[in-house]
Protein chains: 2
Amino acid sequence: MARTNHRSNSRAAASQVASEACVARLSLYVRELARLETQRVGYVSSRRLAQQLGLTDAQVRRDLSYFGQFGTSGLGYEVQRLHERLTSILGMADRTWNVALAGVGNLGSALLAYRGFQERGFLFRVAVDADPQKVGRLVQGVEVAAVQRLTELVRRNHIHIGLIAVPVASAQEVCDQLVAGGVRAIVNFAPARLEVPSSVRLRAVDLAIELESLAFYLARNQ
Amino acid sequence: MARTNHRSNSRAAASQVASEACVARLSLYVRELARLETQRVGYVSSRRLAQQLGLTDAQVRRDLSYFGQFGTSGLGYEVQRLHERLTSILGMADRTWNVALAGVGNLGSALLAYRGFQERGFLFRVAVDADPQKVGRLVQGVEVAAVQRLTELVRRNHIHIGLIAVPVASAQEVCDQLVAGGVRAIVNFAPARLEVPSSVRLRAVDLAIELESLAFYLARNQ
DNA sequence: CACTGTGAATGCATTCACAGCG
DNA sequence: CGCTGTGAATGCATTCACAGTG
């Protein structure tokens, strides 16, 4: 969609579109830069950044070049400045994101409890579950509502991102409700393929696939 | 490692090496085939399989071709037979895998409780935690042991796969203990890069990165 | 005829390699 | 010098397109 194919001779702005893998690495850079910042490191070279993260220096430079020119020849990148710039590019500076959770089982509870989200500005505003026993309970400071209210709550709370941690059987239904409520992105933890309009970004985290892939390679090497 | 680079003129066996992405899709094929089998579907074409999973027919055929010739011209693939063959190729037929869990917090508990693992032959034999309060407790039928015993327990129970669900600060330490005990594969849920010998397969599942990537795209489209 | 299996073509992501800069 | 930023080269994964088959 929306192929950004403008002429590449304008040197001012980032020209090409960054791949999804590249965007994922941005998060890694931010993490490492945060670490370096607490250690009062002033400058870091692409080489050193790469070594720390298990990448190549060329890859680091290429990744960063998609978003602008941040470095200084002969010196490297100014840690604090690059950290700020990347945080902002990742949409994590000076703002928060509203998150709704569907499914407060073991996995859902783990997600609610994960401190990393809060720290990075992802705030759980809504949690729902199909189990009437759970409705009304307070989990990690969030009150669990009935799943029937999902669409309404998503709309009312201006939720940006929905997390699906319900059984496969109800995943698509819950997904539709999130979409109806106006979420713009979804992370799906259920082992099912979900249909969403192309305007909604969808990511899947599939634990079974991770293990099964490993089993494949283990089965190979005797 | 162990590059399977034998001559490609022997038509009997799969010639090229399958990519990791391809192996991950194998799991998807198995799932869909299982579903078709319960529906008593006898044959399925690459086209139909692809539609169900959101792939292209060419990709399905190419993926399967890495592992052999399973189809019949004009008919498609015999569901039951292909299901059996792929299950076996994934190392999930007639055998189980022993799994150890490090970290019985919210996420760890969710992993222990996930029924999908058991069903696919992944058996939790060991669980450890650093919190003395948790040691001795029975979680999902597994007794929690002290983290200090991890290496010993991994070795004694012939653990194949280790799951790391501990805080970043202790992730590398726990990883080293798993390796010392002889695991051959690790799934890391901590947001940290881990060092392992090249003989150990490592996969990372990073929840924060999933959300941050989404935030990037949301921040872009206004 | 409907389908597979696969060379060849394409399209991306990564890496190389180096001009240019501080 | 040491390092960035980036064209060009490489290496993969995906898709095309079609010969071959039951």
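Within every chain, numbering begins at 1; the chains are lettered A, B, ... in the order of the sequence lines, protein sequences first and strands thereafter.
- Here B:Arg25 lies in heavy-atom contact (under 4.0 Å) with sugar-phosphate atoms only.
- At distances below 3.5 Å, not a single donor-acceptor pair connects side-chain atoms of A:Asn157 with backbone N or O atoms of A:Ile159.
- If you take CG of B:Leu75 and P of C:dC3, they are 9 Å apart, rounded to a whole angstrom.
- The shortest distance between the side-chain N/O atoms of A:Gln69 and the OP1/OP2 oxygens of C:dC21 is not below 4.0 Å.
- Proximity of B:Thr72 to the phosphate of D:dG22: no side-chain N or O atom is located under 4.0 Å from OP1 or OP2.
- Taking every heavy atom of both residues into account, A:Cys22 and A:Ala18 meet most closely at SG-CB, 3.8 Å.
- At whole-Å resolution of the value, CD in B:Glu78 and P in C:dC3 are 16 Å apart.
- Residue B:Ser73 has no polar side-chain atom (N or O) positioned under 4.0 Å from OP1 or OP2 of C:dA2.
- One can place OH of B:Tyr43 at 22 Å from P of C:dC1, the figure rounded to the nearest angstrom.
- In this structure, the CD atom of B:Gln59 is 8 Å from the C1' atom of D:dA13, given to the nearest Å.
- In this structure, CG on A:Leu163 lies 6.0 Å from CG on B:Leu211, to the nearest 0.5 angstrom.
- Closest to the B:Ser19 side chain, of the nucleotides D:dT6, D:dT15, D:dT14, is D:dT14.
- Remark: A:Arg220 is positioned above the aromatic ring of A:Phe216, its terminal NZ or CZ atom under 6.0 angstrom from the ring centre and at most 45 degrees off the axis.
- Distance, B:Leu64 CG to C:dT4 P: 9 Å, rounded to whole Å.
- Atom CG of A:Leu82 is separated from atom P of D:dC3 by 16 Å (rounded to the nearest Å).
- Summarising the geometry, the separation between OH on B:Tyr77 and P on D:dG22 is reported as 15 Å, rounded to the nearest angstrom.
- Pairing each heavy atom of B:Thr72 with each of B:Tyr43, the nearest pair is OG1-CE2, 4.5 Å.
- A straight line from CG of B:Asp57 to P of D:dT15 spans 10 Å, rounded to a whole angstrom.
- Ranked by how close their nearest DNA chain C nucleotide is to the 5' end, A:Ala58 and A:Ala18 are led by A:Ala18.
- For C:dT6, the base has no donor-acceptor partner in the side chain of B:Arg62 [N/O atoms by modelled type, under 3.5 angstrom].
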